[in-house]
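Reviewing the structure listed below.
All heavy atoms count here, side chains included; hydrogens, waters and symmetry mates do not. When a ligand or atom number is given, it counts from 1 through the structure's own listing order.
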Amino acid sequence: MTHVTHWINGAISDEDSGRHGEIYNPATGLVTGTVAFADPATIDYAVEVAKKAFDNWRHSSLTKRVQVLFAFRELVNTHKEEIAALITAQHGKVLSDASGEVTRGLEVIEFACGIPHLLKGGFSEEVSSGVDVYSIRQPLGPVAIISPFNFPAMVPMWFFPIAIACGNSVILKPSEKDPSASMYMANLLKEAGLPDGVFNVVHGDKEAVDALLTHPGIKSISFVGSTPIAKYVYETGTKSGKRVQALGGAKNHMVVLPDADLDLAADAAINAGFGSAGERCMAISALVVVEPVADELIAKIKERMANIKTGNGAMGADMGPLVTLAHREKVAAYVAAGEKEGATLVVDGRDINIEGGGFWLGPTLFDNVTPEMSIYRDEIFGPVLSVIRVKSYDEALSLVNNHPYGNGTAIFTNDGGAARRYQNEVEVGMVGINVPIPVPMSYYSFGGWKSSLFGDSHAYGAEGIQFFTRGKVVTSRWLDPSHGGINLGFPQNT
Ligand code: NAD
């Protein structure tokens, strides 16, 4: 049994609010530890520490910041497997997936290493006689990051390397379901030479989040999680005068046109539908097939589903369990609702039989799903793929555009013109062409549209730099030395 507590001022901090949560291994169903829940007093303390650290860190040279980030990059890379093992033990995803998320986080650290170039401002000489104008970007202060359970290492790394590179101090509130990866990264940041107090981790639930959202010392909030909470965080944070980016839930559509390579599309549907047990905000959960290829595609998917080995992610399975029993029951209830609402249940993941007490639900496939059904409308966040058959490209496009979520989407086709039209017409933030999970590289930015994002700022890339800094423009007039400045032999203007 481990007890996870906060990381404040470069050390374990055992502030005790008297409240805590339980940590499970989802593959066994057993409690493996507890996690402390912060109360407002702990948040006050963390903010005070972060404020003090900010006053120094904002003046650290760009060279120093890059040295710390480079060292951190090396440490994360060296300890990738340890971080992955922690993720698998608390989240349940298979080790290769866990290690993949660390790799995606590493890419953001690498991007942040370019901070001297990224923070360069503009300069206009002689905007008026003897007058120059230039722009600089300055850090905000202590910033807060509130992250979800499904990427306990990657999502925090979407934000903190950039926030720190820009000169801010950070308070991270990771998901209480899998808090250990954050603690591991906090240790590595210290080892990399980051001064104490620049990066802090507080654990907890709504009470901790509310204290961060309203604390006057916190200057911005970067949130990732479900849509109802994202909306709440956006409204509460902005009401307190903070800059907020709140990334929400998703229902990602993959459109398959009749000319697509159906083997490629079937492989993609399997990976994007069932990878990480569907607990990805970029998972494909709605497969929109333009007839007449649905029967052929479903047969290929069904064949591949039979080969997916569901089991303990630490022991070589292809797909792990769901994160908690409550979540497993919620997903199972959606499967029951789909059947009741008239969809055809092609493969029922509830039948799965795995020894031990894990939170299991196998890959599930529905056919003949229609837009009114709850399995189509709602984000299920489990290994449930729904096929919606349509007659035309236009019908497919209007389904995607009428859905309230707009995180990611993909189109599968061999017609470049059709793909180009889709990328132009679709109302979704991230689009894949024959690529099922189009997560942008770290030098672009990640974010959805509509109910998948509250605020106007996406994560990392240029938008990350913009979010974690504020602009200042200086208009300056320096009189020529001929106006009586120091006498360096210039002719005097008297
Ligand atoms: P969640 O909304 O339950 O929790 C997210 C964070 O908010 C956690 O840190 C949690 O402790 C906190 N929280 C939970 N309830 C709260 C409340 N009532 N008040 C204040 N804070 C609260 O999300 P989750 O279940 O951890 O993660 C899964 C969700 O995250 C899915 O909806 C998924 O689509 C979404 N997600 C979105 C993206 C994206 O980039 N858009 C990425 C990853 C996950």
Side-chain angles (χ1 to χ4, degrees), residues 19-21 23 26 35-38 40 43 90-93 101 104-105 108 144-159 171-179 181-182 201-214 221-237 244-252 276-285 322-324 326-328 330-331 378-382 404-409 428-430 437-440 445-455 457-461 463-464:
R19 291 175 65 240
H20 70 271
I23 305 169
V35 53
F37 280 3
I43 301 293
Q90 297 183 345
H91 174 289
K93 67 175 72 175
E101 82 159 272
R104 295 312 302 257
V108 180
I145 299 164
I146 301 158
S147 56
F149 81 83
N150 68 323
F151 284 104
M154 182 189 77
V155 167
M157 283 195 275
W158 281 357
F159 303 104
I171 298 178
L172 167 65
K173 205 300 287 172
S175 170
E176 65 278 28
K177 297 189 177 98
D178 42 18
S182 300
V201 184
V202 294
H203 300 285
D205 57 0
K206 181 173 167 51
E207 190 176 342
V209 172
D210 283 344
L212 287 167
L213 293 179
T214 52
I221 305 282
S222 300
F223 173 89
V224 181
S226 58
T227 286
I229 312 292
K231 187 165 186 282
Y232 166 77
V233 163
Y234 183 75
E235 288 172 357
T236 314
V244 183
Q245 51 181 177
L247 285 72
K251 188 83 186 176
N252 304 311
S276 210
E279 291 171 326
R280 289 178 178 148
C281 65
M282 290 294 272
I284 293 293
S285 52
L322 289 166
V323 68
T324 57
H327 189 55
R328 192 259 167 219
K330 185 176 158 198
V331 175
D378 300 349
E379 178 182 46
I380 300 175
F381 222 55
Y405 291 112
N407 212 39
T409 186
V428 171
M430 293 170 282
I437 305 191
V439 173
S445 297
F446 182 108
W449 288 13
K450 302 190 280 188
S451 296
S452 297
L453 177 80
F454 298 86
S457 188
H458 291 187
Y460 63 77
E463 292 192 46

Problem - Proximity flag Phe151 to ligand 1, non-hydrogen atoms under 4.0 Å - result: no
Handout entry: atom 41 (N) of ligand 1: the protein heavy-atom neighbour that sits closest, reported with distance to 0.1 Å
Key = Gly248 O, 2.7 Å
Handout entry: Heteroatom distance test (Ile146, ligand 1): nitrogen or oxygen, under 3.5 angstrom
Key = no
Practice task
Take Phe446 and Arg104, measure what side-chain contact (heavy atoms from CB on, under 4.5 Å) needs, and give me the verdict at the end.
Solution key: CA-CA 12 Å; Phe446 182 108; Arg104 295 312 302 257; over 6 Å; no
Fill in the blank from the handout: protein heavy-atom neighbour closest to atom 27 (O) of ligand 1 works out as Pro148 CB, 3.3 Å
Handout entry: Proximal atoms of ligand 1 relative to Asn150 (non-hydrogen, under 4.0 Å)
Key = 43 (C), 44 (C)
Practice task
Please examine the side chains of Leu247 and Trp158, heavy atoms only from C-beta on, and report whether any two atoms are closer than 4.5 Å.
Solution key: yes
Handout entry: atom 19 (N) of ligand 1: the protein heavy-atom neighbour that sits closest, reported with distance to 0.1 Å
Key = Lys206 CG, 3.4 Å
Handout entry: Val202: which of Ile171, Val209, Leu172 passes side chain to side chain contact (heavy atoms under 4.5 Å, CB included)
Key = Ile171
Practice task
Measure the CD1-OG1 distance between Ile284 and Thr409 for me, rounded to the nearest 0.5 Å.
Solution key: 6.0 Å
Practice task
For the residue pair Pro440 and Met430, establish whether any side-chain heavy-atom pair is separated by less than 4.5 Å.
Solution key: yes
Practice task
Identify, by atom number and element, the atoms of ligand 1 in contact range of Trp158, meaning under 4.0 Å from any of its heavy atoms.
Solution key: 40 (O)
Exercise for the section: Please write down residue, atom name and distance for the protein heavy atom closest to atom 39 (C) of ligand 1. Expected result: Cys281 SG, 3.5 Å
Completion exercise
for atom 26 (O) of ligand 1, nearest protein heavy atom and its distance come out as Phe149 N, 3.0 Å
Handout entry: Protein contact for atom 24 (P) of ligand 1 (heavy atom, distance under 4.0 Å)
Key = yes
Exercise for the section: Mark the output for Ser147 as yes if a heavy-atom distance to ligand 1 is under 4.0 Å, and as no if none is. Expected result: yes
Practice task
Before signing off on this row, confirm whether Glu176 and ligand 1 have an N or O atom pair separated by under 3.5 Å.
Solution key: yes
Exercise for the section: Check ligand 1 against Asn407 and write out every atom of the ligand that is under 4.0 Å from a heavy-atom position of the residue. Expected result: 41 (N)
Problem - Ile380 and Lys251, any side-chain heavy atoms less than 4.5 Å apart - result: yes
Practice task
Run the numbers for me: atoms of ligand 1, each under 4.0 Å from some heavy atom of Ser226, listed by number.
Solution key: 1 (P), 2 (O), 23 (O), 29 (C), 30 (O), 32 (O)
Exercise for the section: Assign the ring pair Phe381 / Phe149 to parallel, tilted or perpendicular, where the plane angle (0 to 90°) is split at 30° and 60°. Expected result: perpendicular
Fill in the blank from the handout: Per-atom filter on ligand 1: closer than 4.0 angstrom to a heavy atom of Leu247 are 39 (C), 40 (O), 41 (N)
Exercise for the section: State whether the number of non-hydrogen atoms from other residues, nucleotides or ligands found under 6.0 Å of Lys330 atom NZ is greater than 12. Expected result: no
Exercise for the section: May I ask you to list the atoms of ligand 1 that are less than 4.0 angstrom from any heavy atom of Val209? Expected result: 20 (C), 21 (N)
Problem - Expected output: side-chain Ser445 to main-chain Tyr460 donor-acceptor under 3.5 Å - result: yes
Completion exercise
among protein heavy atoms, the one nearest atom 35 (C) of ligand 1 is Gly225 O, 3.1 Å
Problem - Heavy-atom check, side chain of His91 versus side chain of Asn150, under 4.5 Å - result: yes
Exercise for the section: Report yes if Asp210 has an N/O atom closer than 3.5 Å to an N/O atom of ligand 1; otherwise report no. Expected result: no
Handout entry: Identity and distance of the protein heavy atom lying nearest atom 28 (C) of ligand 1
Key = Phe381 CE2, 3.6 Å
Handout entry: Phe446, any N or O under 3.5 Å of ligand 1 N or O
Key = no
Exercise for the section: Side-chain contact test, heavy atoms from C-beta onward, threshold under 4.5 Å: evaluate it for Gln245 versus Phe159 and give yes or no. Expected result: yes
Handout entry: Validation row: Lys93, Phe151 side chains within 4.5 angstrom (heavy atoms)
Key = yes
Problem - Note, Leu213 side chain near Tyr232 side chain (heavy atom, < 4.5 Å) - result: yes
Problem - Close side-chain approach of Thr227 and Tyr405, heavy atoms under 4.5 Å - result: yes
Practice task
Could you tell me whether Lys173 and ligand 1 have an N or O pair separated by under 3.5 Å?
Solution key: yes
Problem - Closest protein heavy atom (residue, atom, distance) for atom 7 (O) of ligand 1 - result: Phe223 CE1, 3.3 Å
Practice task
Decide whether the shortest distance between a heavy atom of Tyr405 and an atom of ligand 1 is less than 4.0 Å.
Solution key: no
Handout entry: Option nearest atom 17 (C) of ligand 1 (shortest heavy-atom distance, choices Ile229, Leu172, Thr227, Asp205)
Key = Ile229
Practice task
Give yes if a backbone or side-chain nitrogen or oxygen of Glu379 is under 3.5 Å from a nitrogen or oxygen of ligand 1, and no if not.
Solution key: yes
